[in-house]
Amino acid sequence: MNRSDLYNQCCRFNGQRVRITCHDGRVHVGEITRVNRNMVWIRPDENLGGYGLGFFGGYGESGFGFGIALGAIAGIALASAFFW
Amino acid sequence: MTNTYLDLLAYFGIGGAHPGGFNLTKAILENENIQPNESVLDVGCGTGQTAAFLAEKYNCQVTAIDNHPIMVQKARQRFKKIKVPVMVLEEDVHNLDFVDSSFDLVIAESVIVFTDISRTLKELSRVLKSDGSLIMIEMTAEHYLSEEQQKLACSLYGIKEVLNTEEWILQLHQTGLTQVEIINTPPELIKSEINDINPSIQINMDLFDIWDKHNEFLLHNGDFISYRVFKCRK
């Protein structure tokens with residue numbers, strides 16, 4: 001997915017629980033709280049206590065969770081869904 | 001025949017993409033006494049989650065088929081990766097390449113509704129052994145659907161009609177599957193965690209639109225359309 005599609009997709013999923021897979025294989029699950037042209041912020045399902053994952057300035061304090069660079073993202077989809 | 005809803009599932013590579021998800025699959029299979037010498041056909045195997053589970057847990061002879069080339073490719077990838085001996089084939093369920101009475105168990109998880117129902121049931125009944133079982137999870141009308149609702153469901157999901165429980169049973173009876181049992185399931189359309197996913201590198205943005213339309217449809221029609229799990233024997 002190119003950067004602009006990814007941005008649009010993140011905007012569309014704003015406020016919803018998503019599963020983000022990064023190019024390095026890491027998977028993040030949480031609610032999208034904020035999106036800009038470079039980053040998407042998610043509030044993860046489990047708050048791990050403000051360290052470990054707090055490398056983007058610490059999540060919890062801002063309420064936005066933590067940011068993931070759009071360039072690091074391989075794919076994004078809703079975290080749960082009902083399908084036929 | 002192309003079906004954009006099934007393309008959505010194929011390109012995102014979503015495992016357990018049927019009502020109840022993989023948890024329902026496991027719950028149903030737990031009650032089946034599947035033996036290692038038995039042959040099982042997984043119709044519309046998708047990315048192969050159920051087929052792999054069958055082979056791993058029960059050590060039975062599993063054949064997995066799907067008509068979507070991307071599904072078949074992703075299923076094959078999965079079986080190879082985890083080294084399970086599942087035979088996977090691209091097949092048209094209306095016209096199967098198996099001899100009569102080939103399988104002890106046929107499982108179809110939200111598949112038959114996407115096909116020509118009576119032709120498919122006939123074909124599945126043909127390949128089922130006389131003492132075999134067909135288990136199917138299928139979209140079912142919960143209440144009377146207006147013409148508009150039927151039309152919407154048909155165009156969105158690429159199906160011909162949404163049957164109610166009695167109509168499904170009638171179809172099964174007409175095919176010679178006379179013993180039909182309905183397995184109890186929760187009536188709500190509960191969301192499942194999408195944690196078995198193998199997305200294609202390129203996903204057309206149209207498929208995200210289909211996903212939106214699907215969610216929209218569920219929101220407005222979820223009280224009218226649900227699903228049933230049928231266990232059928234000849």
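Reminder, nothing fancy here: chain letters follow the sequence lines and each chain counts from 1.
- The two residues Phe12(B) and Ile76(A) come nearest to each other via the heavy atoms CE2-O, 4.1 Å.
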Could you walk me through whether Lys191(B) and Leu78(A) pass side-chain contact (heavy atoms from CB on, under 4.5 Å), step by step?
CA-CA 11 Å; Lys191(B) 288 183 179 181; Leu78(A) 290 175; over 6 Å; no
Name each donor-acceptor pair under 3.5 Å that joins a side chain in residues 44-57 of chain B to protein atoms two or more places apart or in another chain, with its distance.
residue: Thr47(B); atom: OG1; partner: Arg78(B); partner atom: NH2; Å: 2.9
residue: Gln49(B); atom: OE1; partner: Gly16(B); partner atom: N; Å: 3.0
residue: Thr50(B); atom: OG1; partner: Glu109(B); partner atom: OE1; Å: 2.6

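- Most heavy-atom pairs under 4.5 Å with chain A: of the set Ile137(B), Asn215(B), Asn195(B), this distinction falls to Asn195(B).
- Rounding to the nearest 0.5 angstrom, the gap separating the CD1 atom in Ile159(B) from the CH2 atom in Trp84(A) is 8.5 Å.
- Across Ile190(B) and Phe82(A), no two heavy atoms sit closer than the pair O-CD1, 3.5 Å.
- Chain A is approached within less than 4.5 Å, heavy atom to heavy atom, by Ile197(B), Ile201(B), Met205(B), Phe208(B), Asp209(B), Trp211(B) from residues 197-211 of chain B, ordered by number.
- Heavy-atom contacts from other residues, nucleotides or ligands closer than 6.0 Å to OH of Tyr11(B) number 12 or fewer.
- Taking a 6.0 Å sphere around NZ of Lys231(B), one finds it holds more than 12 heavy atoms contributed by other residues, nucleotides or ligands.
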Should Leu8(B) and Phe83(A) be marked as a side-chain contact (heavy atoms from CB on, under 4.5 Å) after you check the CA-CA gap, both sets of side-chain angles, and the distance that decides it?
CA-CA 10 Å; Leu8(B) 162 69; Phe83(A) 284 115; 4.0 Å; yes
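- A 6.0 Å sphere centred on CG of Asn184(B) holds no more than 12 heavy atoms belonging to other residues, nucleotides or ligands.
- Residues meeting the side-chain contact (heavy atoms from CB on, under 4.5 Å) test with Thr165(B), sequence neighbours left out: Thr140(B), Ile169(B), Ile182(B), Arg228(B), Phe230(B).
- Listed by chain and number, the residues in a side-chain contact (heavy atoms from CB on, under 4.5 Å) with Asn164(B) are Ala141(B), Glu166(B), Glu167(B) (sequence neighbours excluded).
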